[in-house]
Amino acid sequence: YSTSDTTFLFNGSHFFKGDSTYRWTVSVFDGQIELASLDTFSLHVPPLQEIGHVKIFSQLDFLPEGLYFRQIELDGDFLYVLAEGNGYHLYVFQLTKHYILQLVGSFDFPEEDYIDEFKVKDGVAYCIGSGESYGQWKLIVLDLSLPGSFKTVDEEYFVNQPLKIIIQNNRLFIFHDYPSEMTVYNISDPLCPVSLVKTTVPFYIGYEKGKLQISNDLIYYGDIRWAGDNYFSIYCFNDTLGIDSLASLPLSGRFIGLTVDKSNAYVITSREDEYWGNGRVGTLNIIDVSDPENPKLQGTVSIPYIPFPYMYAQNNFLFMGEAQLDIFETNDPESPFQVGFSREASIPMVVRKPWVYCDWKNKLRILYINYPETFKEPEINSSSFQLYQNYPNPFRSSTTITYTIFQPGIVEIDIFNILGQHVATVEKKACDIGGTYRAVWDGKDSRGDQCAGGVYICRIRMGKHFKTKKIVKLQ
């Protein structure tokens, strides 16, 4: 149908407004929505019941004012956050569960250090950046294995700037700019990296670091040739850890980012002369790399332009993020479709399906992706919440009760006297996301009368579980 202000559904999640010059038809066939433009292109939307749900689970507001998220990484049961602003700072959280994070320590880099990127293996962080003066490029090795005793154990300096760092098995790869080189370390002993080789690479990294990945001892790269042609290229390591070319596949558009999972590579490209509404168009290319010497383009789908995406693929699901999170299912590589999204997520982010850890307005946000076949919402238990001592304590007129919940649920806070008799309900509410909350007890009972001085019990309850604290009211 046609109108001057058409709203239509794109890939099951995004809403766009069409121009008056476009004419659209909308139909339903076999439980599926079909959209077609009579002027431009056809669009197929999967059945609505296949669309996954991305929900906000909890968030932590822990960064001091003036600091901002730069990078988030996962390693085993620990999550690492690199923040910048008045220097660089690394925060380490232990995941007692995927959704319960406990801060175990932090490391403040020297004020003169600039940290561009880091990776973690077995509690050891490898950070690349520069030192006191520009051009003093270096690798910093941090021992983060002992909470509260984080320390620098090694530093190595480079002549040319390190731009990309990758860990694959027991090897650490650092790619440099001008000249384009690669340094390889053996990190079988994570605290003592051993340099294996430094060699020239046959491609240019630049600052678009998302177009380079290593998987299964192969290098996948978005190769922009000097003639202006663009190729998806695959390289292998030879016996001396040099790099040899295996194959190249021409693709249309400028390379934006890529990731690899098992037998498929996912590549985002964009053409500067193609636009969707008021924005540029991106293309998601799915490439069969099961035979690395003969990569084959299997399918493409148009997506809104993403300039600097986070990309992660696992078990036929592709996660892409920048100013929001988009999730595609790729069981049929020739016809990928979007199954979920969240507009309340932004980079940096990291995925451990079905959990997503990301920045949202300078808070660490935890999302979960509710796929019935892969995820069951956690049951509430005594580790789902925490009650802190009220302040002030003792108090005369009013006191603040602070508590943290680690997952959504209904919270009840009640006051009892020492005989176990109910005195007042301070708070009863449904919390949509986890986080730290505060409630104020004004020292009155349920009738509105001031309570006598003495010892009272504050109880927080979620579901069938509860925790208590003693509080003292002065006469």
Side-chain angles (χ1 to χ4, degrees), residues 53-63 72 74 77-79 81 91-106 147 342 344-345 352 354-370 375-393 395 398-418 420-443 446 455-473:
H53 300 282
V54 182
K55 297 183 178 180
I56 303 168
F57 202 80
S58 65
Q59 66 184 23
L60 297 177
D61 184 6
F62 68 94
L63 282 184
I72 303 173
L74 280 169
D77 293 330
F78 292 88
L79 182 138
V81 176
Y91 296 86
V92 182
F93 294 87
Q94 184 172 9
L95 283 68
T96 56
K97 290 186 177 180
H98 290 291
Y99 53 91
I100 300 178
L101 277 63
Q102 179 182 358
L103 182 65
V104 296
S106 63
S342 174
E344 296 186 329
R352 180 178 286 172
W355 299 95
V356 180
Y357 307 88
C358 66
D359 171 29
W360 181 249
K361 296 182 179 179
N362 220 33
K363 297 179 177 64
L364 178 59
R365 173 161 285 184
I366 304 174
L367 308 175
Y368 72 77
I369 305 152
N370 190 11
F375 179 74
K376 181 178 180 181
E377 189 168 338
E379 295 181 356
I380 293 175
N381 55 49
S382 59
S383 63
S384 302
F385 55 94
Q386 182 66 50
L387 177 64
Y388 304 102
Q389 189 65 56
N390 62 303
Y391 181 82
N393 190 44
F395 73 99
S398 65
T399 187
T400 299
I401 300 166
T402 303
Y403 60 96
T404 296
I405 62 172
F406 301 104
Q407 65 185 82
I410 296 176
V411 178
E412 297 178 59
I413 298 178
D414 293 282
I415 306 297
F416 298 84
N417 60 28
I418 58 174
Q421 298 168 329
H422 185 266
V423 173
T425 296
V426 178
E427 192 160 77
K428 182 178 181 179
K429 69 177 182 179
C431 297
D432 295 329
I433 64 174
T436 298
Y437 298 86
R438 291 175 177 83
V440 175
W441 182 37
D442 57 7
S446 56
V455 177
Y456 292 85
I457 305 297
C458 176
R459 186 190 72 180
I460 181 173
R461 186 174 73 175
M462 288 186 72
K464 297 179 181 179
H465 300 272
F466 62 88
K467 292 181 179 179
T468 62
K469 291 285 186 183
K470 288 184 179 181
I471 60 180
V472 179
K473 186 178 186 300

Residues Asp359, Leu364; criterion side chain to side chain contact (heavy atoms under 4.5 Å, CB included); working and verdict: CA-CA 5 Å; Asp359 171 29; Leu364 178 59; over 6 Å; no
Let me confirm one number: the CD1-NZ distance from Ile410 to Lys428, rounded to the nearest 0.5 Å. 7.0 Å
Please examine the side chains of Tyr368 and Val356, heavy atoms only from C-beta on, and report whether any two atoms are closer than 4.5 Å. no
Nearest heavy-atom neighbours spanning Cys458 and Leu387: O-CD2, 3.8 Å
Can you see which heavy atom on Ser446 is nearest to which on Ala424, and at what distance? N-CB, 4.1 Å
Smallest separation among heavy atoms of Thr399 and Pro392, with atom names: OG1-O, 2.8 Å
Just to verify, what does Arg459 make a side-chain hydrogen bond (donor to acceptor under 3.5 Å, both in side chains) with, not counting sequence neighbours? none
Partner residues of Gln94 under the side-chain contact (heavy atoms from CB on, under 4.5 Å) criterion, sequence neighbours left out: Phe78, Val104
Can Thr425 and Asp414 be counted as having a side-chain donor-acceptor contact under 3.5 angstrom? yes
For the CD1 atom of Ile415 and the NE2 atom of His422, what is their distance to the nearest 0.5 Å? 8.5 Å
side-chain contact (heavy atoms from CB on, under 4.5 Å) with Asn393: which residues, sequence neighbours excluded? Gln389, Asn390, Ile471, Val472
How would you list, by chain and number, every residue that makes a ring pair (Phe, Tyr, Trp, His ring centres under 6.0 Å) with Phe395, sequence neighbours excluded? Trp441
Leu60 versus Phe93: any side-chain heavy-atom pair under 4.5 Å? yes
Got a second to check how far Ser398's OG is from Lys473's NZ, nearest 0.5 Å? 10.0 Å
With rounding to the nearest 0.5 angstrom, report the NE2 to CD1 distance, His465 to Ile460. 13.0 Å
When rounded to the nearest 0.5 angstrom, what distance separates OG in Ser58 from CG in Leu101? 7.0 Å
Kindly write out the residues that satisfy side-chain contact (heavy atoms from CB on, under 4.5 Å) with Leu74, not counting sequence neighbours, or none if the list is empty. Leu79, Leu95, Val350, Arg352, Tyr357
Partner set under side-chain contact (heavy atoms from CB on, under 4.5 Å) for Asn417, not counting sequence neighbours: Leu419, Gln421, Val423, Tyr456
Can you name the residues that form a side-chain hydrogen bond (donor to acceptor under 3.5 Å, both in side chains) with Asn362, not counting sequence neighbours? none
In chain order, what residues pass the ring pair (Phe, Tyr, Trp, His ring centres under 6.0 Å) check against Tyr403, with sequence neighbours excluded? Tyr437
Heavy-atom pair of closest approach, residues Tyr91 and Ser106: CD2-CB, 3.7 Å
Any chance you could lay out the side chain to side chain contact (heavy atoms under 4.5 Å, CB included) test for Lys470 and Ile457, step after step, and finish with the verdict? CA-CA 5 Å; Lys470 288 184 179 181; Ile457 305 297; 3.7 Å; yes
List in chain and number order the residues that pass side-chain hydrogen bond (donor to acceptor under 3.5 Å, both in side chains) with Thr436, two or more places apart in sequence or in another chain; answer none if no residue qualifies. Thr404
Go through the structure and list residues passing side-chain hydrogen bond (donor to acceptor under 3.5 Å, both in side chains) with Tyr391, not counting sequence neighbours. none
Give, for atom CD1 of Ile405 and atom CD of Gln386, the distance between the pair rounded to the nearest 0.5 Å. 12.5 Å
Applying side chain to side chain contact (heavy atoms under 4.5 Å, CB included) to Phe385 and Val411, what does each step give before you reach the verdict? CA-CA 9 Å; Phe385 55 94; Val411 178; over 6 Å; no
Which residues pass the salt bridge (Lys or Arg N to Asp or Glu O under 4.0 Å) test with Glu427, sequence neighbours left out? none
Flag if over 12 foreign heavy atoms under 6.0 Å of NZ, Lys429: yes
